[in-house]
Amino acid sequence: MAIETEEDRDDPRLAVDLLRKATVDGHGDAFLYEGTSSEKVTVDAVLADEKFMQGHEFVAERIDGQVATVLEEVGMREDELVRVPVLRRGYT
């Protein structure tokens, strides 16, 4: 089984980790997508949205399975992967 789409190379958990760090560092009121969208969503608002976070975890689990398959099929090690933190849009 191969990676299905280019989007499936990203790592949603890394993005969430970065948002949590931003909150801890006092930046929870910072707007996401600033300068690229008229959407006014804060870091804290995204982290507090259970539906959004559950969707992100679902995607992360799906990616985990695909990554495991790719590693096994091509003989790569986990440390050879480059993970990219990506926060998917679709915040509601």
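Atoms considered below: every heavy atom in the structure, side chains included; atoms not considered: hydrogens, waters and symmetry mates.
Here the CG-NE2 distance, from L87 to H56, works out to 4.5 Å after rounding to the nearest 0.5 Å. Taken to the nearest 0.5 Å, the CE atom of M53 stands 8.5 Å off from the CD atom of E57. The line from CG of L71 to CG of L81 is 5.0 Å long, rounded to the nearest 0.5 Å.
Between D49 and K51, none of the side-chain N atoms (NZ, or NE/NH1/NH2) sits under 4.0 Å from a carboxylate O, so this pair counts as no salt bridge. R83 and E78 are joined by a salt bridge, as a carboxylate oxygen and a charged side-chain nitrogen come within less than 4.0 angstrom of each other.
A heavy-atom distance below 4.5 Å is not found between the side chains of V41 and F31.
Residues passing the side chain to side chain contact (heavy atoms under 4.5 Å, CB included) test with E72: none are found, sequence neighbours excluded.
Heavy atoms only, all atoms of each residue included: A15 and P85 are closest at N-CB, 3.6 Å. Minimum interatomic distance between E80 and M76 (heavy atoms only, all atoms of both residues): OE1-CA, 3.2 Å.
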Yes or no on salt bridge (charged side-chain N to carboxylate O under 4.0 Å, His left out) for R20 and D25, after CA distance, side-chain angles and deciding distance?
-> CA-CA 9 Å; R20 288 184 178 132; D25 291 346; over 6 Å; no
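In the hydrophobic clustering of ILVMFWY residues, with side-chain heavy atoms under 4.5 Å counting as a link, V16 and L14 come out apart. Hydrophobic clustering of Ile, Leu, Val, Met, Phe, Trp and Tyr side chains at less than 4.5 Å, counting indirect connections, keeps Y33 apart from L18.
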